[in-house]
Amino acid sequence: MGGSTGSTGSTGSTDPTAATVPKYRYPAQFEGGEEELLARIGDLLLRGGYVLGEEVAEFEQRLAGYLGSAHTVGVNSGTDALILTLDALGVGPGDEVVTVANSFHATAQAIARRGATPVYVDCRDDDFLMDLDRLPAAFTERTRAVILVHMFGRAADVPRARRLAGDAGVLLVEDCAQAIGARSHGVRVGTASAAGCWSFAPSKNLAAAGDAGAVSVQDDELAERLRLLRHFGQSRQNRHEILGYNSRLDTLQALVLLHKLDRLDTWNARRAEAAATYRRRLAGLPLRFQEPGEDGEHVYHLFQVRTRTESERDGLLAHLTAAGVDAVVRYPTPLPHQPALAGPAARRHPCPVAEELARQTLCLPVRPDLDAREIGQVCDAVTGYFTSRASSGSAG
């Protein structure tokens, strides 16, 4: 979904452990209070309650309070959050679900796993989000839902998307995997639609120590159906009301997430500060950036820079890697071009902006613990690449 952004299968450093400015530095997420967390994990290992234990309920309650939703339901991944949500909303074979062309594979995979057909809308050239001007043209009599993705940490326009979906009589679901803490028109994403789907994979702004996810909803009945679905459809032991899944949040992951939740806003603010420094120091170069929106609308899960051409992007990527900067490309293949998602509907609507972004963008490291030395190293490497091109007379 906006989902996982692990390094497997992505374009970037072949040996990220050698980078002097890495994408991730997991130990920094545990500094301060780690002894308390380890003690709670040790207690859990000895007493049991490994799946859907009491800490899961505690995390669900605290996350709901943070977001401003009536309920959150913990599941085992962000991908399952999408699949279970579509199931709970009745999406299935014969239906179409509209989403954006430049998301992570899991966004569309969830639609296909429900037997429905993904239909793609292009993204905008400025904020890299779904082009809502094009959304109504994607609706047909088979459209059941829209999955609005908050790409790279930037909140999409939820109120407008909700109006457009409502006018067409379809449901709005938010893929919030990359944007926890972001606001759309002052309201936290994931709280003003049928459901918000969350990933807490290790790369995310709020990260578990493995796979984890959740769904935020305001409707009591929908929340109860999601709880049934995640736990084999059971209302009580050996009483299976519906066909469900095995998609429960591990208690250990809930402990890790509880340890980090109170720090999330501080971490997001640090990401935004690093992004602002990048924008300022790289402003004179032939680069473009994702439009950040108003205060609070971007939590910078990723910091995207856009070059003029694919060859320039690839050259910059190679230069950064050689300089010890763990830059990476997200996502090099738009969803309509993925072999697993091929079919007539995949090419129904042209997506030239998504295709261009796939050829011209890469991500710079934007961890909350990124320090001034690391930012300087990244900016010097980027500047050095363009300076060398200019001195050699390379074309843009």
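Note: hydrogens, waters and symmetry copies are ignored here, and every other heavy atom, side chains too, is used. Residue indices begin at 1 and follow the sequence shown.
- Between Phe152 and Tyr331, the ring-plane angle classifies as parallel under the 30° and 60° cut-offs.
- Between Asp369 and Arg270, every side-chain heavy-atom pair lies at or beyond the 4.5 Å cut-off.
- In this structure Phe128 satisfies the ring pair (Phe, Tyr, Trp, His ring centres under 6.0 Å) test with no other residue, sequence neighbours excluded.
- Partners of Arg239 according to the side chain to side chain donor-acceptor pair (under 3.5 Å) rule, which considers only residues two or more places apart in sequence or in another chain, are Glu241.
- Evaluation of the ring pair (Phe, Tyr, Trp, His ring centres under 6.0 Å) test over residues 276-296, restricted to residues two or more places apart or in two chains, returns Tyr278-Phe303, Phe289-Phe303.
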Please list every donor-acceptor pair under 3.5 Å in which a side-chain atom of residues 30-40 meets a protein atom from a residue at least two apart or in another chain.
from: Glu34; atom 1: OE1; to: Gly32; atom 2: N; distance (Å): 2.7

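- Legend: ring pair (Phe, Tyr, Trp, His ring centres under 6.0 Å) pairs involving residues 63-97, not counting sequence neighbours: none detected.
- For Arg373, the side chain to side chain donor-acceptor pair (under 3.5 Å) criterion is met by Gln377, not counting sequence neighbours.
- Taking the side chain to side chain donor-acceptor pair (under 3.5 Å) definition, one finds that Asp80 meets it with Ser247, sequence neighbours left out.
- For Thr140, the side chain to side chain donor-acceptor pair (under 3.5 Å) criterion is met by Glu96, not counting sequence neighbours.
- Looking at heavy atoms from C-beta onward, Asn102 lies out of side-chain contact with Met130 at the 4.5 angstrom threshold.
- Val299 belongs to no hydrophobic cluster with other residues, because no ILVMFWY side-chain heavy atom falls under 4.5 Å from its own, directly or through intermediates.
- Put simply, the side chain of Glu374 reaches to within 4.5 Å of the side chain of Arg367, judged on heavy atoms.
- For residues 242-273, no residue pair satisfies the ring pair (Phe, Tyr, Trp, His ring centres under 6.0 Å) rule, not counting sequence neighbours.
- Counting side-chain heavy-atom gaps under 4.5 Å among Ile, Leu, Val, Met, Phe, Trp and Tyr, the cluster of Leu335 also holds Tyr120, Leu341.
- His231 is linked by a ring pair (Phe, Tyr, Trp, His ring centres under 6.0 Å) to nothing, counting only residues two or more places apart in sequence or in another chain.
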